[in-house]
Amino acid sequence: MGVSPPGRRHSTAITPFISASRTTWPIDVTRGVALLDRSVMMGFYQSEYFERLCPFYEAARGRRDFTRVVARAKVREAEFAAPVG
């Protein structure tokens, strides 16, 4: 599973993720994907959880916009995990 940076940025980034998962996701998949994308851009990028584990994203799996968000999360995970120097 991916790693998100510690600290305030992480706690701020998780807010749209929670909104996507609990509030709008079952009602509006397009809005949920947009909120998830915002969360990834803000620093919360748990791609395996998004892609396979979270039941809230079942309706979005296979959609192009969701696939792009997961791909972006994977890139961010790799960047974060890459050795420095």
Side-chain angles (χ1 to χ4, degrees):
M1 191 152 305
V3 179
S4 293
R8 185 168 172 78
R9 182 174 177 198
H10 176 75
S11 64
T12 303
I14 201 166
T15 302
F17 166 77
I18 292 169
S19 293
S21 299
R22 295 191 176 164
T23 306
T24 62
W25 202 261
I27 299 163
D28 185 352
V29 176
T30 301
R31 176 80 174 132
V33 171
L35 286 168
L36 182 61
D37 187 42
R38 181 174 176 206
S39 184
V40 169
M41 297 309 287
M42 293 175 71
F44 186 70
Y45 35 86
Q46 304 288 328
S47 67
E48 183 179 359
Y49 182 70
F50 305 153
E51 186 175 39
R52 298 179 334 118
L53 302 175
C54 184
F56 296 112
Y57 303 126
E58 189 62 40
R61 292 184 181 114
R63 288 173 51 125
R64 277 189 227 152
D65 54 352
F66 182 77
T67 302
R68 281 192 300 269
V69 171
V70 171
R72 187 175 303 117
K74 287 179 180 182
V75 167
R76 304 242 3 216
E77 284 174 341
E79 291 170 349
F80 184 75
V84 177

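All values reported here derive from a predicted model rather than from experimental measurement. We count residues from 1, following the sequence as given.
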Spell out, as yes or no, whether a donor-acceptor pair under 3.5 Å connects the side chain of [X] to the backbone of [Y].
X     : Y     : value
Arg61 : Phe50 : yes
Arg76 : Met41 : yes
Glu48 : Leu53 : no

Just do the side chain to side chain contact (heavy atoms under 4.5 Å, CB included) check on Arg63 and Thr30 with the steps written out, would you? CA-CA 10 Å; Arg63 288 173 51 125; Thr30 301; 3.2 Å; yes

What pair of heavy atoms forms the shortest contact from Ala60 to Val33, and how long is it?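 The answer is CB-CG2, 4.1 Å.
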
Might you point out which heavy atoms bring Val70 and Ser47 nearest each other, and give the distance in Å?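 The answer is O-CB, 4.1 Å.
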
d(Leu36 CG, Gln46 CD) to nearest 0.5 Å is 11.0 Å

Mind checking the OG1-CZ spacing from Thr67 to Arg72? Nearest 0.5 Å is all I need. 11.5 Å

Please determine whether a side-chain nitrogen of the Lys or Arg among Lys74 and Glu51 lies less than 4.0 Å from a carboxylate oxygen of the Asp or Glu. yes

With hydrophobic residues grouped by side-chain heavy-atom distances under 4.5 Å, do Phe80 and Phe44 end up in a single group?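 They do share one cluster, since a chain of ILVMFWY contacts under 4.5 Å joins Phe80 to Phe44.
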
